[in-house]
Amino acid sequence: MSELIPFCGLPRTGSTLLCNILGQHPDVTLSADSVLSDKIVNIMNYTEKLVAESQYDADLTYKLHGDFLISGIESWISNLSDTKFYMDKCRGWGNIFNFIFSKYPNTKIIFTIRDLRGIYLSFDRLSTTSVLLNSLSDHYRDLTEKNDEVDFLNARISHFLNGDM
């Protein structure tokens, strides 16, 4: 079976570029924007709900569900990859590091990091130079139409930080 390499990072950190570069290697199977980690999170959340209702004690219930998840991960990987490494890119991996390390202690995880100011500026540049309208460019237009003396930079940063990211 291929070795799992979870790959995650914040948007605009270069994760897609790095993932695509690494995916060029013949020993790597790349699954960009995968849903595998999301499925694991959903099952883990469901397990938490079932523990109190299970016919088994809590330790056994967690073991059963953990083994079920491992079997699912291994099946997922074996059906998609015949290379040495299976790189799965999704931000959801960041939510389950503890689970991954408890089941695969030697796992190597790639998590791209970038200064938050760079991430913000990248989003800002993208929204102000794009010919396509988006929620951020709509927000900027609304700011300028409502008030000529608005602190534009602070309003943009606030909108970004309080957004859905």
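All values below come from the heavy atoms of this structure, side chains included, with hydrogens, waters and symmetry mates left out.
- A continuous path of ILVMFWY side-chain contacts below 4.5 Å connects I96 to I77, so both sit in one hydrophobic cluster.
- Nearest approach of G92 to D38, heavy atoms of both residues: CA-OD1, 4.2 Å.
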- Task: Output, in order, the C-alpha distance, side-chain angles, deciding distance and verdict of side-chain contact (heavy atoms from CB on, under 4.5 Å) for I40 and W76.
- Result: CA-CA 11 Å; I40 296 168; W76 184 282; over 6 Å; no

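- Residue R12 holds its CZ atom at 12.0 Å from OG1 of T112, rounded to the nearest 0.5 Å.
- Within the 3.5 Å criterion, the main-chain N or O of E74 finds a donor-acceptor partner in the side chain of S78.
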- Would K89 and D33 satisfy side-chain contact (heavy atoms from CB on, under 4.5 Å), going step by step from the backbone distance to the final call? CA-CA 5 Å; K89 179 181 177 271; D33 300 319; 3.6 Å; yes

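- Following chains of ILVMFWY side-chain contacts shorter than 4.5 Å, one can reach F68 starting from M44, so the two form part of one hydrophobic cluster.
- By the 6.0 Å contact criterion, CG on N98 is open, its count of non-hydrogen atoms from other residues, nucleotides or ligands being 12 or less.
- In this structure, CZ in R91 is found 13.0 Å from OG in S34, a value given to the nearest 0.5 Å.
- Atom NZ of K103 is surrounded by more than 12 heavy atoms from other residues, nucleotides or ligands within 6.0 Å.
- The shortest distance between side-chain heavy atoms of L36 and C90 does not fall below 4.5 Å.
- Annotation: the span from L50 atom CG to N45 atom CG amounts to 11.0 Å, rounded to 0.5 Å.
- Connection of V28 to L18 is established within a shared hydrophobic cluster, with ILVMFWY side chains joined at heavy-atom distances below 4.5 Å, either directly or through further cluster members.
- Under the 4.5 Å side-chain criterion, counting only non-hydrogen atoms from C-beta, L30 is not in contact with L22.
- What you find for S2 and S81 is that their closest heavy atoms are OG-OG, 2.7 Å.
- The distance from the OH atom of Y62 to the CG atom of D67 is 14.5 Å, given to the nearest 0.5 Å.
- We find the CD1-OG distance between I113 and S15 to be 12.0 Å, quoted to the nearest 0.5 Å.
- Electrostatic pairing of K63 and D59 does not count as a salt bridge here, judged by no charged N lying under 4.0 Å from a carboxylate O.
- Environment of CZ in F101: crowded, with over 12 heavy atoms of neighbouring residues, nucleotides or ligands closer than 6.0 Å.
- Classified by interplanar angle (parallel below 30°, tilted 30° to 60°, perpendicular above 60°), the ring pair F111/F97 is perpendicular.
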- Hey, mind stepping through Y86 and S31 against side chain to side chain donor-acceptor pair (under 3.5 Å) and telling me if it holds? CA-CA 8 Å; Y86 172 76; S31 183; 3.3 Å; yes

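- No side-chain heavy atom of I109 sits under 4.5 Å from any side-chain heavy atom of Y104.
- Counting heavy atoms from C-beta outward, W93 and L4 have side chains that approach closer than 4.5 Å.
- Under the 4.5 Å side-chain heavy-atom criterion for Ile, Leu, Val, Met, Phe, Trp and Tyr, I100 and V35 are members of the same hydrophobic cluster.
- Judged by distance alone, the side chain of T47 and the main-chain N or O of I43 form a donor-acceptor pair under 3.5 Å.
- The side-chain heavy atoms of L69 and F99, taken from C-beta on, include a pair separated by under 4.5 Å.
- In this structure, the separation between OG on S37 and CG on D88 is 6.5 Å, given to the nearest 0.5 Å.
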